[in-house]
2 protein chains.
Amino acid sequence: MSTRLARNAERLCRARGARLTRQRRSVLEIVAASKRPLGAYEILDALRREQPGAAPATVYRALDFLLEQGLVHRLESLHSYIRCVHPGEPHPGQFLICRDCGLVEEIEDPAIQRSIGRAAEHSGFQASDEVIEIRGRCRGCAR
Amino acid sequence: MSTRLARNAERLCRARGARLTRQRRSVLEIVAASKRPLGAYEILDALRREQPGAAPATVYRALDFLLEQGLVHRLESLHSYIRCVHPGEPHPGQFLICRDCGLVEEIEDPAIQRSIGRAAEHSGFQASDEVIEIRGRCRGCAR
DNA sequence: CTGGGAATGTTATATTGTAACATCGAGATG
DNA sequence: CATCTCGATGTTACAATATAACATTCCCAG
Ligand SMILES: [Zn+2]
Ligand SMILES: [Zn+2]
Ligand SMILES: [Zn+2]
Ligand SMILES: [Zn+2]
């Protein structure tokens, strides 16, 4: 399967002294294999196919780890999780979420980042991270 | 109490043919009276002081109405609700959320709006609304 | 007044997320 | 190798958020 993904994640974790265990890797692969974001309980259903005893805490603990490592993002407005398209340095995600087909595109736009930085500064606010979720209709669905 | 608020909301709703009922106005006033965003069940607790029979659906229905009318915003990352500081035309909210004191400031920054518009356009995406929640430390707490 | 649609009451349940504590297991230490 | 230790996992129960479904009431147009 996604050996490429797994190896890259493994490398990143190793470099940080973090342990990408079998369970955590399973959750990462489940999330990464999905075209759409998955809810925690959808991940749980998938995980149970290889590990029938899994419980909610199992999934949430793995997700906590993967979020810390910047390997997945959480979509606040969908209560769901999606792989990061360019892990490496953890970063705030910016997403285009299609209401029609449910697809989500992760973008990385420095101009958005800059404008947010300036707005925060203008209010004397020290930003530490951001939730940027843009909802609408994707190119494919707009036709 | 906040007669000013209530009157303005009343005027806006009347102009649109929307009915700001007693219940809906109660919920609006509860939300507006709070310095911090309130969760639906916090609103419910408050509402029950004047209407002991209120149930979750009561609150969620009122919130749906107030959200549609642009009188309150939902904070996705906090699962909570806050009054709009400048109702009139419904608009996407932009928020600075302090992790330390819990205060939330609503801002309206055209530069953020523009950068998001351009990024969406660049992906052929028709944006219809946005979730912009900037988390960090407010001026007061930063000192 | 009366009919009809919107608003509310009421009950039950779905969905998402955590707490708490027992147990396991990989790697360090001697 | 033995054993110690701490992070990871197993397990159970529960908290917090949100919605479904259907009965009833209320407001207003006609
Ligand atoms: Zn990313
Ligand atoms: Zn689409
Ligand atoms: Zn607003
Ligand atoms: Zn603060």
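None of the values given here were measured: they were computed from a predicted structure. The figures here come from the full heavy-atom set of this structure, side chains too, leaving out hydrogens, waters and symmetry mates. Lettering follows sequence order; numbering is per chain, from 1.
Within the structure, every pair that satisfies the salt bridge (charged side-chain N to carboxylate O under 4.0 Å, His left out) test and touches residues 64-74 of chain B, not counting sequence neighbours, is listed here: B/R74-B/E76.
For the side chain to side chain contact (heavy atoms under 4.5 Å, CB included) test, residues two or more places apart in sequence or in another chain that qualify with A/R99 are A/R135, B/S128, B/D129. In this structure, B/Y60 has no ring-ring contact (aromatic ring centres under 6.0 Å, His included) partners at least two apart in sequence or on a different chain. Residues satisfying the side chain to side chain contact (heavy atoms under 4.5 Å, CB included) criterion with B/R61, sequence neighbours excluded, are B/A57. Partners of A/R19 according to the side chain to side chain contact (heavy atoms under 4.5 Å, CB included) rule, which considers only residues two or more places apart in sequence or in another chain, are A/T21, A/R24. Residues satisfying the ring-ring contact (aromatic ring centres under 6.0 Å, His included) criterion with A/F95, sequence neighbours excluded, are A/H73. With sequence neighbours excluded, no residue forms a side chain to side chain contact (heavy atoms under 4.5 Å, CB included) with A/H122. Under the side-chain hydrogen bond (donor to acceptor under 3.5 Å, both in side chains) criterion, A/Q51 pairs with no residue, sequence neighbours left out.
Scanning all heavy atoms of the two residues, the minimum distance from A/E106 to A/C84 falls at OE1-CA, 3.5 Å.
What separates CZ of B/R48 from P of C/dT10 is a distance of 11 Å, to the nearest Å. Here the C1' atom of nucleotide D/dG7 and the CD atom of A/Q69 are 14 Å apart, to the nearest Å. We find that CG of A/L63 is positioned 15 Å from P of D/dA8, with the value rounded to whole Å. Between the P atom of C/dA6 and the CG atom of B/L20 lies a distance of 18 Å, rounded to the nearest Å. B/R22 has its CZ atom 13 Å from the C1' atom of D/dC26, to the nearest Å. Distance CD (A/E50) to C1' (D/dT9): 15 Å, rounded to an integer number of Å. Rounded to whole angstrom, the span from the CG atom of A/L75 across to the P atom of C/dG17 amounts to 11 Å.
In this structure, A/S80 OG and A/L75 CG are separated by 4.5 Å, a value rounded to the nearest 0.5 Å.
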Practice item. Using a 4.0 Å heavy-atom cut-off, write out nucleotides 14-23 of chain D from 5' to 3' as B (base contacted by protein), S (sugar-phosphate only) or - (no contact). Key: ---BBBBB--

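Note on the helix from C/dC1-D/dG30 to C/dG30-D/dC1: angle between the axes of the first and last five pairs equals 30°, rounded to 10 degrees.
Side-chain N/O atoms of B/Q51 include none lying less than 4.0 angstrom from OP1 or OP2 on C/dT8.
Comparing atom distances between the A/R24 side chain and each of D/dA8, D/dC27, C/dG9 picks out D/dA8 as nearest. Side chain of B/Q23, nearest nucleotide from C/dT10, D/dG10, C/dG9: C/dG9.
Residues A/L96, A/I107, A/I112, A/I116, A/F125, A/I132, A/I134, B/L96, B/I107, B/I112, B/I116, B/F125, B/I134 make up the rest of the hydrophobic cluster containing B/I132, defined by ILVMFWY side-chain heavy atoms closer than 4.5 Å, directly or through other members.
Less than 4.0 Å separates DNA chain D from no heavy atom of any residue of residues 93-103 of chain B.
Heavy-atom distances to DNA chain C give each of A/R19 and B/A18 a nearest nucleotide, and the one nearer the 5′ end belongs to B/A18.
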